[in-house]
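Working notes, structure below.
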Amino acid sequence: MKFYRITALGMSIAMITAGCSASQSVPPTTTIASTAAALETTAVETGAAGILDTSATEAVTTLSKIDNTKWQYNSEDDVYYQIGISYCAAPADESYETLSVFVPGAYMTAQDNGDGTYTCTINTTATVGDSKYTAETAPIVLPVDTPGYSAQAALTEYKSFTQYTDEGFVYVHAGCRGRDAGAPAGITDLKAAIRYIRYNAGNIAGNMDRIFSFGMSGGGAQSALLGVTGDSALYDDYLEAIGAVQGVSDAVTGSQAWCPITSLDSADAAYEWQMGNTRTGLSEEEQKISDDLTAAFADYINSLGLTDTDGTELTLEQSSDGRYQAGTYYEYIKSVVETSLNNFLSDTAFPYDSSSSAGHQAGMGPDGGQGGPGQGRMGFGGPDNRGQKPDGANTQNEAGTNADPDIDYTQIDDISRTSSGAVEGVTISGTYETAQDYIDALNSNGVWVTYDAETNTATITDLEAFSNAVKQSGKGIAAFDQLDEGQGENTLFGYGDGSGAHFDQMLTDILISEGSDYAADYEEDMTTVDALGHTVSERLNMYSPLYYLMKSSEGYGTSTVAQFMRINSGLFQSDTAVTTEANLALALKNYDANGTDVDVQFTTVWGMEHTKAERSGDSDANFIAWVNECCSTLE
């Protein structure tokens, strides 16, 4: 077994003699420039033609680099690509742990091998897209299409990603294991893929300091985690176990997260704090659990040390109803809701046809979230869309992209939801002639929104009324760490056999204090270790962004945090509390360990539910524009 060690010389791929553009329908044939003499290497054997430079200080692996004699070419898209590249030396599941690379044709100078493959070198002078990226400045994008923390199937054939490659992006699709394999399998695989791509610095087109991940729901969570957990030592055992490249970074430059289902260490408590008031028909034990989780969330918030952007400490205080609906933190979350509503009023031209607008679907039906405009779970397209899976969109996510806005993630993520046991919300449907008409509809079950027509602004009375009207509970008690271990997140923290395990220490403590019959199962799971000897609490830290971001946490400053983060969420979703994204955004904005300054864009979209929520425009186009914006600041 040979190890390959590459010592970086800080050399640029611009050293390579530029060839002709490969933008023609048939790739041009040229002589491959020899570059080995231009670089000093230590014990390097890649077996591939082309560039041998890498930005890694010392990469250690048994893996060869991407073989530049094996590129294939799609003339219609003008893209060179390779499918099924192993990114770890000891894969736990070879059916998932491979990646595919898609490179704009202009970045390559190619020689036809006569067998359907091409030998390529990098063309450093050609530019692609409005941003005029070159092979050495092009960003690399990594989709994380894992709703419900599902697996992302490795590609087995060519897929078209021209929305990205036409822009000049290098598109890397990495298969990864899902929740059935147990945490942290999914993130571990994605980190290994990033390390392998970075190991290929200079060997393939793309700037290794411009890697951006993007995902929705459980994929949004894992994208956000890639942005927060870069180079975290907590993952070392798992990365070594699958033979990931050592000695290179697995950090990303930027992370896009739509509706990230994350912060699972506090998610059950946050859910009850915000939406517990919308539950009805609870048993005495269930009501006690809900109330205790609400109180536990207040204790959690008050221990975090969260501050707003002005430095004001954010805390919760007990309110007259006992639900801690008071304090600076409460007022901050209330301001997030009001900002979202006022953005909607600013963005919307009246008369407003709620049933035809895909940009702002406002309202939840009386069945606990299944209604509203269009009557679809996400407000898109009406009841005929419920349960449908657009081409390439299934639980294994074979397309590797979630670009279709009509995808109903609630139908494909296998997360348990219920529409029972919630108070009746408001229904928004039809056309509203004026903003006041729309506000009146929001107030149809009781006044909780006040509107000033002169300034076109609105205020809300309280968060409880907001939740009762449009953000009702859509999951049972213990929304994430379900009492019977049957929730998707329970499987995530299982031990690789597809069965579930408990993971919420807050809930465990509550059940013990109440003398619940469930307590013993929780206690047992909290002390069980996985195959590498780690407890569920240790694995939960790996999936908890605030563990790395808060000064009050032992994980603060132990990872490489992304320079750019973009977080979008549908405000009306019943999958998580607003606090999930709000806390993450606040923690990122205030993060300053090791001199890091994170550029954070945080948007909650009024009327949107569990979807790739945007105030306007196409989600993927907006993501591309954001990447371009980020890269422009790096030049």
Discussion item. Between S232 and S559, do the side chains contain a donor N or O and an acceptor N or O under 3.5 Å apart?
Written reply: no

Discussion item. Tell me every residue that passes side chain to side chain contact (heavy atoms under 4.5 Å, CB included) with A89, counting only those two or more places apart in sequence or in another chain.
Written reply: T62, L63

Practice prompt. Would you list the pairs meeting side-chain hydrogen bond (donor to acceptor under 3.5 Å, both in side chains) in which at least one residue belongs to residues 294-316, sequence neighbours left out?
Written response: T307-N590

Fill in: Residues that F564 engages under ring-ring contact (aromatic ring centres under 6.0 Å, His included), provided they are two or more places apart
none

Practice prompt. Scan residues 218-240 for pairs that pass ring pair (Phe, Tyr, Trp, His ring centres under 6.0 Å), counting only residues two or more places apart or in two chains.
Written response: Y238-H534

Worksheet, complete the sentence: salt bridge (charged side-chain N to carboxylate O under 4.0 Å, His left out) filter on R195, not counting sequence neighbours, yields D250

Practice prompt. Kindly give the heavy-atom pair with the smallest separation between L234 and M542, and that separation in Å.
Written response: O-CE, 3.4 Å

Discussion item. Within the 3.5 Å criterion, strictly below it, is a donor on D575 or Y271 matched to an acceptor on the partner's side chain?
Written reply: no

Worksheet item: Under the ring-ring contact (aromatic ring centres under 6.0 Å, His included) test, which residues partner F602, sequence neighbours left out?
Response: none

Discussion item. Going by the rule salt bridge (charged side-chain N to carboxylate O under 4.0 Å, His left out), which residues pair with E272 if we only count those two or more places apart in sequence or in a different chain?
Written reply: R279

Item to complete: Mind jotting down which residue pairs meet the salt bridge (charged side-chain N to carboxylate O under 4.0 Å, His left out) criterion with at least one end in residues 584-596? Sequence neighbours excluded, please.
Response: K551-D592

Fill in: Close side-chain approach of L584 and I567, heavy atoms under 4.5 Å
yes

Worksheet item: Under 3.5 Å, is there a donor-acceptor pair between the side chain of R179 and the main chain of G148?
Response: yes

Discussion item. Suppose we screen for side-chain hydrogen bond (donor to acceptor under 3.5 Å, both in side chains). Which residues come up paired with S249, at least two apart in sequence or across chains?
Written reply: D231

Practice prompt. Mind checking ring-ring contact (aromatic ring centres under 6.0 Å, His included) for Y196 and listing every partner two or more places apart, or none if nothing turns up?
Written response: Y199

Practice prompt. List in chain and number order the residues that pass salt bridge (charged side-chain N to carboxylate O under 4.0 Å, His left out) with K334, two or more places apart in sequence or in another chain; answer none if no residue qualifies.
Written response: E338

Response to the item:
Residues at least two apart in sequence or cross-chain that pass ring-ring contact (aromatic ring centres under 6.0 Å, His included) with Y548, listed by chain then number, are none

